[in-house]
Amino acid sequence: MTVPVLTIDGPSGAGKGTVSRLVAKQLGWNYLDSGAIYRSLAIDVLKNNVDFKDVSAVVEVAQKMSLVFECGNELVVKLDGIDITAELPSETTGNTASIIAAYPDVRAVLLQKQKDFQLAPGLVADGRDMGTVVFPDAVNKVYLTASAEERAKRRYKQLIEKGIDANLVQITKEIEARDRRDQERTTAPLKAAEDALYIDSSELSIEQVISEVINLVQ
Ligand code: C5P
């Protein structure tokens with residue numbers, strides 16, 4: 001029997017991570033944070049002082065990358081046996097990830113690593129191309145978005161709560177630049193699958209989004 005997959009795609013800051021994790025928990029399914037795979041590669045590239053503009057060098061790092069995801073209460077990611085979880089959320093990691101994610105050969109190397117997460121009893125896959133490229137046959141697909149302004153405000157609030165100095169105008173600019181890069185790349189651009197349920201979370205609470213997603217699956 002095919003293991004069911006629910007894909008949740010959308011731009012950064014739309015709440016995909018939180019929604020995907022909580023939905024996976026409610027359903028008792030596995031969870032794939034595909035952005036964390038691209039972020040881990042970015043960390044590997046930066047740690048090894050590899051020029052991220054050198055496509056073939058980045059592909060080589062991707063081919064050799066030894067990555068382990070430990071999915072307990074919190075996701076723990078180990079690169080070459082070292083815990084890099086704390087380094088994943090930084091802006092430098094995210095921006096580098098978004099640059100190297102535009103290279104088709106890098107995406108090709110990382111494709112199977114993502115497909116390997118499709119394990120019983122089911123999978124919630126969070127990313128940009130989960131419903132369009134990685135799991136095109138998924139039974140349930142969601143495209144979760146929110147206005148750039150709202151996403152920037154959420155990110156700003158998160159940083160301030162963590163005691164990190166932040167600038168709302170700067171964050172809005174970075175979010176818009178990342179959206180553009182993700183949407184305009186030729187390979188696996190960020191877009192809603194034709195058969196995806198489109199949810200705009202700008203005016204919705206996390207609970208409301210989760211209940212729409214759970215309704216879709218059930
Ligand atoms: O989702 P997250 O912000 O962690 O992703 C970081 C970057 O990785 C994104 O900006 C995007 O460029 C890339 N990514 C991707 N395809 C995915 C997930 C993430 O290209 N499925």
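Counting convention: from 1, in listed order, for ligands and their atoms alike. Bear in mind that the values here come from a model prediction, so they are computed numbers and not experimental data.
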- request: Would you please indicate yes or no on a ring centroid separation below 6.0 angstrom for F117 and Y31?
  value: no
query: Do you see a donor-acceptor pair shorter than 3.5 Å between the side chains of S98 and R178?
result: no
field: Which residue and heavy atom of the protein sit nearest atom 12 (O) of ligand 1, plus the separation
entry: D182 OD1, 2.7 Å
P11 versus D179, closest heavy-atom pair with distance: CB-OD1, 3.6 Å
Working for salt bridge (Lys or Arg N to Asp or Glu O under 4.0 Å), residues K191 and D9: CA-CA 8 Å; K191 65 168 187 214; D9 289 306; over 6 Å; no
message: Among all protein heavy atoms in this structure, tell me which lies nearest to atom 16 (N) of ligand 1, with the distance rounded to 0.1 Å.
response: R107 NH2, 3.0 Å
query: Does an N or O anywhere in Q114 fall below 3.5 Å from an N or O of ligand 1?
result: no
- prompt: Any idea which atoms of ligand 1 are less than 4.0 Å away from a heavy-atom of R178?
  reply: 3 (O), 10 (O)
task: Could you tell me the residue and atom name of the protein heavy atom closest to atom 18 (C) of ligand 1, and the distance to it rounded to 0.1 Å?
output: S34 OG, 3.4 Å
query: Which one holds for Q183 and ligand 1: side chain close, backbone close, both close, or neither close, with close meaning a heavy atom under 4.0 Å?
result: neither
field: R21 with E74: basic N within carboxylate O range, under 4.0 Å
entry: no
query: Which residue holds the protein heavy atom closest to atom 13 (C) of ligand 1, what is that atom called, and what is the gap in Å?
result: A101 CB, 3.7 Å
field: Protein contact to atom 7 (C) of ligand 1 [nearest heavy atom, distance to 0.1 Å]
entry: A97 CB, 3.9 Å
field: Shortest non-hydrogen separation from G122 to V3 and the atoms involved
entry: CA-CG1, 3.6 Å
- request: Group every Ile, Leu, Val, Met, Phe, Trp and Tyr by side-chain heavy-atom contacts under 4.5 Å, then state whether V134 and L41 land in the same group.
  value: yes
task: Return the residue, atom name and 0.1 Å-rounded distance of the protein heavy atom closest to atom 19 (C) of ligand 1.
output: G35 CA, 3.6 Å
message: Polar contacts were defined as any N/O atom of the residue lying under 3.5 Å from an N/O atom of the ligand; does this apply to R128 and ligand 1?
response: yes
- request: Please identify which atoms of ligand 1 are closer than 4.0 Å to at least one heavy atom of R185.
  value: 12 (O), 15 (C), 16 (N), 20 (O)
- prompt: Do you know the tightest heavy-atom contact between A24 and N30?
  reply: CB-O, 4.0 Å
message: Yes or no: does M130 have any heavy atom under 4.0 Å from an atom of ligand 1?
response: yes
task: Write out the residue and atom name of the closest protein heavy atom to atom 8 (O) of ligand 1, then the distance separating them to 0.1 Å.
output: Y38 CB, 3.6 Å
- prompt: Tell me: protein heavy atom nearest atom 3 (O) of ligand 1, and distance?
  reply: R39 NH2, 2.9 Å
query: Going by side-chain heavy atoms closer than 4.5 Å, which hydrophobic residues are tied to L204, directly or by a chain of links?
result: L6, I8, V19, L22, V23, L27, W29, V124, V142, L144, L197, I199, I206, V209, I210, V213, I214, L216, V217
